[in-house]
Amino acid sequence: MKAVVFSESPVFLKMAAAVAQSFGGDVIGISDSENVKFVNKLYIIDKMDEDGIVDLISSLSPDVILTGNVRRDRAIAGRVAGKLKLPIVTDVVSLKVEDKKVTLNRVAYSGMGLVTLESELPIVMTIANTQLQPKELQPTVEKVQLKEGRVKIVGRKSTSSGVNLATADIVIGVGRGIGSKENVKYAEELAKALGGAVGGSRPVAAELNWVPEDRQIGLSGLRIRPKLYIALGISGQPQHIAGIRDSKIIVAVNTDKNAPILENADYLVVGNAIDFCKVMLSKLGKK
Amino acid sequence: MNIVVGFKIVPDDQMVKVVGDKLNTDAPLKVSTYDKNAIEEAIRLKEKFGGKVTGITVGSNDRKSIREALAMGVDEVIAILVKDPDVYVTAMAIAENVKMLNPDIILFSEMTTDSGTSALPAYVSELLGLPYISNVKSLKIEGNKVTADRGMVSYIETVESSLPLVVSVGGEINTPRIPSVKQIMESSKKPVKEVKFDAQSKVRIREIKPMIVNRKRIVIEESDINKAVDKLIEYLKSDGVI
Ligand SMILES: Cc1cc2nc3c(=O)[nH]c(=O)nc-3n(C[C@H](O)[C@H](O)[C@H](O)COP(=O)(O)OP(=O)(O)OC[C@H]3O[C@@H](n4cnc5c(N)ncnc54)[C@H](O)[C@@H]3O)c2cc1C
């Protein structure tokens, strides 16, 4: 069994390697960093060129190809599958390999469903998450210079805000219902008082830029697991819920008492999000 | 310009519901959310550069949804019927049917609301041997040159490539137009070509279960927000989260 693992994200690379190690064969890693200690063989690439990475992975004729789940990983996984005409399953949450057959679980229906699938090896998959930890290995290392691809990267702008929502205990999510970029300050003040951090729905983060883009919570953003999540003016579409499902307690504040978020909330305070923040702040101050 | 846009007809994600221990996916059909952004972008390209927009859809051939795409401005739709479509079968069906159209650009969305693999546009690009740019937030074409901003969540990447190519777009790229009554009426006269495609799927579905988390669902509604917040704080204290 030969498994190839790739991810642009060090965290996902580690998770993918842990899954790959569990198959018991050779694990080949591809990364632009030398600091990868959980594969048998490591190819260090000189650039994040997708054409080049797709060619490199395909040339290794693996039995299993595992990538992480960030956007570049998904693009590469889909292309490798297409190039080799292999089955592909993305967002894998658990799997079992027997002989040449694999049974996988993945989320679907925008996070509302858990689907069990079956396929034969070889296969391409993207790993959603795993608690497995890889063992440390001493890989043999080979540096690879990728050829110039057909898509040239000419610029890169970080949207990083230096806050890690994934590990925060209390998260306040703002949605379109917060009304404006200026109003986000009320959420920030409340977060500060509670010792939490502010994130947002996709429209607010990726489109309106009321909060930094890397704080988008949901299916296509961050999946968080705080003790307390407060959704301010968020309607509760399945794609948003997919990111907050593991929260211990979910509070929603919404002017609409029939907002779909009620289905997935512990408490729904019917009211204006700004008023809520102001009152909450003053009460917490009085404590 | 020969423009092709892929779209999928899916159960409305806002109507898919957990019923008991089942996920009821038997909801009204519609064009998947971001696929409408792909259609919008395709039509804008046609408005700018001329040419034709061919829509292509695999799986359901629901007439109402196909007409939605036609009413927005798609000129013609190829609806492909397949058995058990997985990514492989769908991609093969699309590649087989768009080759002869000689497309300059093929647009998809970054993810559908049902299977949501993000894999299809990438798969198709390889079958056709075309470059691929995923998660496009903005797209500019001048002559043969393509410049795109990709939304990668923790960063935005600007890339350059050239036609012909495949792109996938996110919901941020535009606001899909709402067709006029006249456009809706006229859409019934536009051609829909139904074709069959036969291939064995590589991934089989065994079971679909709902993801259930039981929530308390307590509504706190007071005429005075002060009272509502007091109640909430009491609840949160007894839950031990503040
Ligand atoms: C493939 C795909 C992936 C997606 N990924 C994500 C994702 O990762 N994360 C995500 O969030 N979304 C995602 N979405 C988008 C998602 O479907 C919804 O469009 C989005 O979550 C809605 O954001 P919202 O709740 O902020 O806005 P809206 O749906 O506009 O809701 C605003 C809410 O605010 C309430 N409101 C209005 N005024 C006030 C007020 N003054 N006080 C209190 N409440 C008020 C309204 O009643 C309403 O419920 C995705 C969609 C697709 C198709």
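By convention in this document, chain letters (A, B, ...) are assigned in the order of the sequence lines, proteins followed by strands, and residues within each chain are numbered from 1. All of these numbers come straight from a predicted model, not from anything done at the bench.
Using a 4.5 Å cut-off between heavy atoms, B:Ile205 contacts chain A through both its backbone and its side chain. Residue contact with chain B, scored on non-hydrogen atoms closer than 4.5 Å, involves the side chain of A:Arg106 exclusively. Neither the backbone nor the side chain of A:Leu208 comes within contact range of chain B; no heavy atom of the residue lies under 4.5 Å from a heavy atom of that chain. Residue A:Leu194 touches chain B through its side chain alone, counting heavy-atom pairs closer than 4.5 Å. Both the backbone and the side chain of A:Ile250 have a heavy atom closer than 4.5 Å to some heavy atom of chain B. For a residue to count as touching a neighbouring chain, one of its non-hydrogen atoms must lie under 4.5 Å from one of that chain's; by this rule A:Val251 touches chain B with the side chain only. Looking at B:Leu130, the atoms closer than 4.5 Å to chain A (heavy atoms on both sides) all sit in the backbone: N, CA, C or O. Proximity to chain B involves both the backbone and the side chain of A:Ala75, based on heavy atoms less than 4.5 angstrom apart. Contacts of A:Glu118 with chain B are made by both backbone and side-chain atoms, with heavy-atom separations under 4.5 Å. If you measure heavy-atom distances from B:Thr25 to chain A, the contacts under 4.5 Å come from the side chain alone. Contact of B:Pro11 with chain A is made through the side chain alone, with heavy-atom distances under 4.5 Å. For A:Val253, no part lies under 4.5 angstrom from a heavy atom of chain B. For a residue to count as touching a neighbouring chain, one of its non-hydrogen atoms must lie under 4.5 Å from one of that chain's; by this rule B:Thr113 touches chain A with backbone and side chain alike. For chain B, no part of A:Pro260 is nearby; none of its heavy atoms comes within less than 4.5 Å. Heavy atoms closer than 4.5 Å to chain B are found nowhere in A:Lys278, neither backbone nor side chain. For B:Asp86, no part sits under 4.5 Å from any heavy atom of chain A, backbone or side chain. Contact annotation for A:Ser110: both backbone and side-chain heavy atoms come within less than 4.5 Å of a heavy atom of chain B. When heavy atoms are compared at a cutoff of 4.5 Å, A:Val154 approaches chain B by way of both its backbone and its side chain. When heavy atoms are compared at a cutoff of 4.5 Å, B:Val219 approaches chain A by way of both its backbone and its side chain.
At a threshold of 4.0 Å, the pair A:Arg150-B:Glu160 does not count as salt-bridged, since none of the basic side-chain nitrogens sits closer than that to a carboxylate oxygen. With salt bridges taken as basic N to acidic carboxylate O contacts below 4.0 Å, none links B:Arg215 and A:Glu263. For B:Arg217 and A:Asp266, the salt-bridge test fails: no basic side-chain N is under 4.0 Å from an acidic carboxylate O.
Per-residue counts of heavy-atom pairs under 4.5 Å with chain A were compared for B:Ser201, B:Ser154, B:Ser161, B:Ala119; the largest is that of B:Ser154. Taking chain A as the reference chain and counting heavy-atom pairs below 4.5 Å, the highest number among B:Val229, B:Ile208, B:Ile156, B:Thr112 is found for B:Ile156. Note: B:Glu110 leads B:Met111, B:Glu110, B:Lys231 in heavy-atom pairs under 4.5 Å with chain A. Among B:Glu172, B:Arg150, B:Glu222, B:Lys17, the residue making the largest number of heavy-atom pairs under 4.5 Å with chain A is B:Glu172. The candidate with the highest count of non-hydrogen atom pairs below 4.5 Å against chain A, out of B:Val10, B:Thr147, B:Asn135, is B:Asn135.
Within a 6.0 Å sphere centred on NZ of B:Lys83, heavy atoms belonging to other residues, nucleotides or ligands number 12 at most.
Atoms CD1 and CD1, on B:Ile225 and A:Ile274 in that order, are 11.5 Å from each other to the nearest 0.5 Å. For the atom pair CZ of A:Arg72 and OG of B:Ser134, the computed distance is 8.0 Å after rounding to the nearest 0.5 Å. Atoms CE and OG, from B:Met152 and A:Ser9 in turn, are 12.0 Å apart once rounded to the nearest 0.5 Å. Rounding to the nearest 0.5 Å gives a distance of 13.0 Å between CD1 of B:Ile242 and CG of A:Asp169.
Of all heavy-atom pairs between A:Lys248 and B:Val241, the closest is NZ-CG1, 4.1 Å.
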